[in-house]
Amino acid sequence: MIIRKTALAAGVIATALTGASAASAQTEIQWWHAMGGRLGEILEGQVEKFNASQKDFKVVATNKGNYSETLNAGVAAFRAKQQPHLLQVYEVGTASMMAAKGAVKPVYEVMNENGFPFDPKNYLAAVTGYYSTLDGKMLSFPYNSSTPVMYVNKDLFKKAGIDTMSLPKTWTEVGAAVDKLKAAGVECPMTVSWQSWTQLENLSAYHNVPLATKANGMMGMDTELTLNGPLQVKHIDMLGKWAKEGKFIYAGRRNEAGARFRSGECGMMFESSAGYAGVKKEAKFDFAISNLPYHADVEGAPYNTIIGGASVWVMSGHSKEEYKGVATFLDFLASPEMQAHWHQNTGYLPITPAAYELTKKQGFYEQNPGTDVAIKQMTGKAPTDNSKGLRLGSFDQIRTIIDEELEGVWAGQKTAKAALDSAVARGNELLRRFERANK
């Protein structure tokens, strides 16, 4: 009896040790990201699906706050030699990551070294150009790419007597709509999120007007801001007048406007296509998604918008086995099935044509009108030097300057011309400092 009990105990211990050994054999991959709310839930779902699909690797996703906070956390961790394997960085941090010598391992190297075909041609050109070298080598993985679109509260439009079957296409038509919404007693006829991105950066690209020299910084760090041109001044002046008249309600620098629109307070909102996840979940009203409006007096307009969102950078300083796990995970994320699911549930672009075709085949666009606006708006015309994207050093700080200057216009304290001239002068100082530091 004693011998039998001893053998049984030994078997239990051996089984436990075997299980512990199998668990410890998994290679852990740390991913720091900035996705919160509904988007964070969907991201966690992707990670869980990957972890369940194989036994060799385990991805641990950790939210590090908003985009700025996540980037700062990654920089601090690298300096302390405790960097994660993967770091999600928003698009305005691209130039800074490219200049961070020794901090990153180019994603094309990671994929190729681990036997995963990684052809940039398999991704949307409007996306890959943003994160690639001039000779087409992708430096980061374009995880979540968005572009701004127009959201409309159809119930408020009907209340104001506005035709919901033909939504505003030009800024003149938007002006007529906000007039009617205001007259109908709507307290928030129009609002915007990410004002620099939606009302200056994409405004410029959509009308083939430079935001900066050197192809918006793509061709070199010796770029200078040009966002105080006639079109930009005209547009910001128009919005300033609407703000004074209570037709444009400023909600904040990031996506604070989204909450006001989702609550049913605002008639129109200019926001990321990824705002779709929250609107779909929370809106208790009939809504529509449409293209950004354009100024009809600009020849050739509209062109294409540029992306926002973020990419995933592979950090240096890890083992071969860990990089194998990184490559396996990124290949999983890039699959048509995962990309289609991500696109359909978030509003982010399908980063591959294969995911777009799968989404069409599944009938998603027919069942959810307007959800294909973003990709059509991005790919409707071939990108120009003014609409390929932006690559400006210290762009996060430059956006803060732009926000400060625009807030002066909305408050009636500055003219559009004075504010944009000041933004250019202050922003160019940061560009020169960045250029000197990274020569």
Side-chain angles (χ1 to χ4, degrees), residues 32-35 39 43 64-72 74-75 86-100 104 106-107 120 123-133 138-149 193-206 211-212 214-218 221 223 225 227 253-255 270-275 292 304-314 342-343 346-351 374-375 377-379 383 386-400 402-403 427 430-431 434:
W32 291 4
H33 67 87
M35 299 277 93
L39 295 175
L43 180 151
K64 287 291 180 175
N66 62 36
Y67 280 136
S68 297
E69 292 164 344
T70 301
L71 176 57
N72 291 337
V75 171
L86 296 168
L87 181 68
Q88 185 187 31
V89 178
Y90 57 167
E91 89 285 7
V92 301
T94 301
S96 297
M97 294 299 288
M98 290 178 68
V104 301
V107 72
Y123 296 78
L124 294 179
V127 173
T128 57
Y130 214 113
Y131 302 118
S132 301
T133 59
M138 287 176 67
L139 301 176
S140 61
F141 179 79
Y143 176 62
N144 57 304
S145 296
S146 58
T147 202
V149 293
S193 290
W194 303 102
Q195 57 183 350
S196 174
W197 183 55
T198 62
Q199 302 306 311
L200 276 177
E201 298 162 35
N202 272 281
L203 169 87
S204 302
Y206 209 38
L211 189 86
K214 294 280 183 174
N216 289 335
M218 292 282 191
M221 287 190 287
T223 176
L225 296 174
L227 53 84
R253 296 180 178 184
R254 293 180 175 271
N255 57 351
F270 300 98
E271 155 75 304
S272 166
S273 57
L292 285 185
N304 65 288
T305 50
I306 54 178
I307 63 170
S311 66
V312 176
W313 292 79
V314 182
W342 176 249
H343 164 56
T346 65
Y348 282 113
L349 298 166
I351 61 170
I375 189 167
Q377 188 174 262
M378 281 285 298
T379 60
N386 298 321
S387 62
K388 288 178 182 176
L390 307 169
R391 192 169 293 164
L392 304 173
S394 302
F395 198 17
D396 190 24
Q397 296 94 317
I398 290 173
R399 269 193 179 169
T400 298
I402 292 171
D403 283 333
L430 292 181
L431 288 175
F434 182 85

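Partners of K388 according to the salt bridge (charged side-chain N to carboxylate O under 4.0 Å, His left out) rule, which considers only residues two or more places apart in sequence or in another chain, are D385. With sequence neighbours excluded, the residues forming a side chain to side chain contact (heavy atoms under 4.5 Å, CB included) with E69 are N66, listed by chain and number. For Y348, the side-chain hydrogen bond (donor to acceptor under 3.5 Å, both in side chains) partners at least two apart in sequence or on another chain are N144. For E201, the salt bridge (charged side-chain N to carboxylate O under 4.0 Å, His left out) partners two or more places apart in sequence, or in a different chain, are R399. For A100, the side chain to side chain contact (heavy atoms under 4.5 Å, CB included) partners are A103, not counting sequence neighbours. Listed by chain and number, the residues in a ring pair (Phe, Tyr, Trp, His ring centres under 6.0 Å) with Y143 are W31, W342 (sequence neighbours excluded). Taking the side chain to side chain contact (heavy atoms under 4.5 Å, CB included) definition, one finds that M98 meets it with T94, L139, W313, R391, sequence neighbours left out. For the side-chain hydrogen bond (donor to acceptor under 3.5 Å, both in side chains) test, no residue two or more places apart in sequence or in another chain qualifies with S145. By the side chain to side chain contact (heavy atoms under 4.5 Å, CB included) test, A99 pairs with F434, N438, sequence neighbours left out. Applying the side-chain hydrogen bond (donor to acceptor under 3.5 Å, both in side chains) rule to S146 yields the partners S272; only residues at least two apart in sequence or on another chain are considered. With sequence neighbours excluded, the residues forming a side-chain hydrogen bond (donor to acceptor under 3.5 Å, both in side chains) with S68 are Y90, R254, D396, listed by chain and number. Residues meeting the ring pair (Phe, Tyr, Trp, His ring centres under 6.0 Å) test with F270, sequence neighbours left out: W171.
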